[in-house]
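Start at 1 with the first residue, then count along the sequence.
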Amino acid sequence: MTTLAMPHTEKGHRRLGAHLLPGENSTRFSVWSTRAHTVQVRLNGQTLPLQPQGEGYFETTLPVGAGARYQFVLDGQALPDPYARFLPDGVHGEAEVVDLQAYPWQHQDWAGRPLHDCVFYELHVGTFTPEGTLKAAAERLPELAALGVTAVELMPLAAFPGQRGWGYDGVALYAPFAPYGRPEDVMAFVDRAHGLGLAVFLDVVYNHFGPDGNYLSAYSPSYFTERFHTAWGQGLDYAEPHMRRLITDNARMWLQDYRFDGLRLDATASMQDDSPEHILAELAREVHALGGHHLLLAEDHRNHPELVTEAGLDGIWVDDFHHEVRVAITGEQEGYYAGYRGHAEGLARILNRGWLYEGQFWNVSGEEHHRGKSADGLEAPSFVYCIQNHDQIGNRALGDRLQAHEGVTAAEFRGASTLLLSLPMTPLLFQGQEWMAGTPFPFFSDHYGELGQMVTEGRRREFAYFSGFSTLAVPDPQAQATFESAKLNWAERDQGEHARTLALYRALLRLRREDPVLSVRTRRALSAGTFRAATGTEGLWVRWQTEHGERVLLWNLTGEALTPARWRCPLPCRPPWRCIRKAIRPSRPPWTP
């Protein structure tokens, strides 16, 4: 083979890794390293030099196309490419040159969905179907469209070590996780979803790398910094241009090459940056410059509205709603649930204010501080509410779902579901929630030997404030059986309470879409308060008022059956019973649980 060194820039900087050139018969290989004196590429059994370009860059162009396998060799040491577009043999193996422009898109006219149209359905590819692949998950997409959700959110796809895991220990951000499928399988999933009217979002982790398979430091230690630390180790240095571009270019890749509609940014509170422009603001600016309805959502517990009003993100996962609902129907007060009373009064405040903590003291052991700011500047769609998600299930000792808690009835679960799906805020469901799935979602990973034991023990320490981690037989995260237990049982959807719950979800999502009052997405139409039973216990009322009419929802949290004669009921109006009874509970009085 002959080599030809060629400088290459895009948006003012070089693209690193292996990039197929026009004509598809040659590939440019580019490396940046502050450590290496010589760089080579081991390509299909041959080792060939990259030419130094200055400032740590090495490049060459070789006459190979898609499918070629390669590794880079830095000063004699063979290393995986951290910018690889596909790692078919895992994060420690050879990369494959891929053509991200070859997929024949069928739905070129897809325009995306605005946030106010989104009902999110979070799924984990490995456990969503028995096969655990993108191809199998794509076959289930028509059922999600029929359910009434409008946006699928995939848990992380970036390559991580082993054969199974949640995906939050990714190390090769540009390479889809091989056990789920090839890059074209990701594209086919997105394409089919778009054909069904479903937007597709991807969960991305830009705040840390996993403990196994991250080779960035072998190329240059300056990707990381001692100025910041996270719960997962050394901080990413977003002030380093190459780390910054690794993140922003990755976002563009998922949105442009794979045509995802948006990204959910994991743990944005841990994305510490002392640059003149915060990395989150740059991400928002660049993503929105792509046009259309590309959206960015933050997972952030701090209740900071400036993530939207200043940084320019589109929405925030709101912990307060989930936590207050869970405490209300379970009575739990362990760990971070200690910051919530579980009363209808707290729920009403959240609905009226957007979230609960607006600067009040967060008096949870080990985390005492003032938390949150006023959310007056945010409209309803910017609040992403849920009653379950992967974290809130998986962070429990057994990975048990909400309805599995002793004392939580199917009626209480459906009550919480009715509240969630009626609100103008953006709802998020976790896979199987729509039929009250009986399968757990415990934490699982595939780290071998000492590292696997360290991960297992680390989770026990991290969640030691939940008594279940010391009193229950916690499933071993490294065991294959733990992973298998999380796979959904689709057959149960047609049985008993599961079928009844599924019917309710379908009806509620239809109401959310079609009812002229409930389809209005503004906080200005919403108010909430409490009522009391004869015994003094509380319930929640929620009222919608628009130019199209009025709706009122009562959620009985009293633990007793109520009739109008037993209310001490300071309701703002007479509820429109006929609408609620006809649309949601045709066979039972609407004031019963």
Side-chain angles (χ1 to χ4, degrees), residues 14-19 27-43 47-50 52 56-60 68-98 156-163 165 167-179 183 204-226 230 232-238 240-250 253 445-452 454-455:
R14 287 175 169 85
R15 299 172 68 195
L16 301 178
H19 296 277
T27 299
R28 179 179 291 109
F29 296 89
S30 301
V31 166
W32 176 72
S33 175
T34 60
R35 283 184 161 173
H37 295 92
T38 63
V39 177
Q40 300 165 298
V41 60
R42 185 169 295 165
L43 180 67
T47 302
L48 302 162
L50 275 67
Y57 291 101
F58 299 81
E59 288 187 353
T60 191
R69 298 286 191 95
Y70 72 95
Q71 279 189 318
F72 289 124
V73 182
L74 276 62
D75 292 338
Q77 181 182 9
L79 296 169
D81 176 11
Y83 291 84
R85 264 48 180 184
F86 190 48
L87 293 160
D89 299 323
V91 298
H92 301 292
E94 292 182 321
E96 180 182 322
V97 176
V98 297
L157 296 181
F160 54 89
Q163 296 297 305
Y168 296 93
D169 51 357
V171 291
L173 301 190
Y174 288 79
F177 183 56
V204 292
V205 183
Y206 293 154
N207 59 79
H208 75 283
F209 288 85
D212 181 24
N214 174 21
Y215 289 95
L216 281 172
S217 291
Y219 287 78
S220 177
S222 61
Y223 281 106
F224 302 92
T225 179
E226 294 293 336
T230 72
W232 307 277
Q234 194 175 26
L236 280 61
D237 191 358
Y238 304 112
E240 161 55 57
H242 295 87
M243 175 58 82
R244 200 171 187 89
R245 291 198 297 262
L246 183 147
I247 298 301
T248 56
D249 285 358
N250 184 256
M253 181 196 74
S445 58
D446 189 19
H447 296 296
Y448 295 100
E450 184 179 357
L451 178 58
M454 290 173 61
V455 170

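Residues forming a ring-ring contact (aromatic ring centres under 6.0 Å, His included) with F58 (at least two apart in sequence, or on another chain): none. Looking at residues two or more places apart in sequence or on another chain, you find no side chain to side chain donor-acceptor pair (under 3.5 Å) involving Q40. Evaluation of the side-chain contact (heavy atoms from CB on, under 4.5 Å) rule for A78 yields R42, Q71, V73 as partners, not counting sequence neighbours. Remark: T225 engages R227, F228, D237 in a side-chain contact (heavy atoms from CB on, under 4.5 Å) (not counting sequence neighbours). Y57 is linked by a side chain to side chain donor-acceptor pair (under 3.5 Å) to H242, R245, counting only residues two or more places apart in sequence or in another chain. Listed by chain and number, the residues in a ring-ring contact (aromatic ring centres under 6.0 Å, His included) with Y219 amount to none (sequence neighbours excluded). Partners of Q163 by side-chain contact (heavy atoms from CB on, under 4.5 Å), not counting sequence neighbours, listed by chain and number: P179, D446. Shown here are the side chain to side chain donor-acceptor pair (under 3.5 Å) partners of T27, two or more places apart in sequence or in another chain: there are none. Judged as a side chain to side chain donor-acceptor pair (under 3.5 Å), and not counting sequence neighbours, the contacts of R69 are D89. Not counting sequence neighbours, the partners of F177 by the ring-ring contact (aromatic ring centres under 6.0 Å, His included) test are F160, Y180. Considering only residues two or more places apart in sequence or on other chains, M454 meets the side-chain contact (heavy atoms from CB on, under 4.5 Å) condition with E450.
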- Please walk me through it: do H208 and D169 pass side-chain hydrogen bond (donor to acceptor under 3.5 Å, both in side chains)? CA-CA 8 Å; H208 75 283; D169 51 357; over 6 Å; no
- Query: Do M253 and L173 pass the side-chain contact (heavy atoms from CB on, under 4.5 Å) test, and can you show the C-alpha distance, the side-chain angles, and the key distance before you say yes or no?
  - Reply: CA-CA 10 Å; M253 181 196 74; L173 301 190; over 6 Å; no
- Task: Determine, step by step, whether L236 and F209 satisfy the side-chain contact (heavy atoms from CB on, under 4.5 Å) criterion, reporting the C-alpha distance in whole Å, the side-chain angles of both residues, the deciding distance to 0.1 Å, and the verdict.
- Result: CA-CA 9 Å; L236 280 61; F209 288 85; 3.7 Å; yes
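With rounding to the nearest 0.5 Å, the separation of OG in S222 from CE in M243 is 8.5 Å. A distance of 10.5 Å separates NE2 of H19 from CZ of F29, quoted to the nearest 0.5 Å. For the atom pair CZ of R28 and CG of L16, the computed distance is 12.0 Å after rounding to the nearest 0.5 Å.
Here the shortest heavy-atom pairing between G17 and Y70 reads C-OH, 4.5 Å. Heavy-atom minimum distance, L50 versus V31: CD2-CG2, 3.9 Å. Closest non-hydrogen pair, G235 versus T230, comes out as CA-CG2, 4.4 Å. When all heavy atoms are compared, the tightest approach of A172 to A158 is O-CB, 3.7 Å. When all heavy atoms of F72 and S30 are compared, the closest pair comes out as CZ-O, 4.1 Å. G167 and P156 make their closest contact through O-CB, 3.3 Å (heavy atoms, listed as atom of the first residue, atom of the second, distance).
With contacts defined as side-chain heavy-atom distances shorter than 4.5 Å, the pair P80/V91 does not qualify. You'll find the side chain of P161 reaches within 4.5 Å of the side chain of H447, heavy atoms only.
Of the possible donor and acceptor atoms, one in the side chain of Y174 sits under 3.5 Å from a partner among the backbone N and O of L246. Between the side chain of N214 and the main chain of V171, no donor-acceptor pair closer than 3.5 Å is present. For S33 (side chain) and A36 (main-chain N/O), a donor-acceptor pair under 3.5 Å exists by modelled atom type.
For residues 75-86, no residue pair satisfies the salt bridge (Lys or Arg N to Asp or Glu O under 4.0 Å) rule, not counting sequence neighbours.
Between W32 and Y223, the ring center distance clears the sub-6.0 Å criterion.
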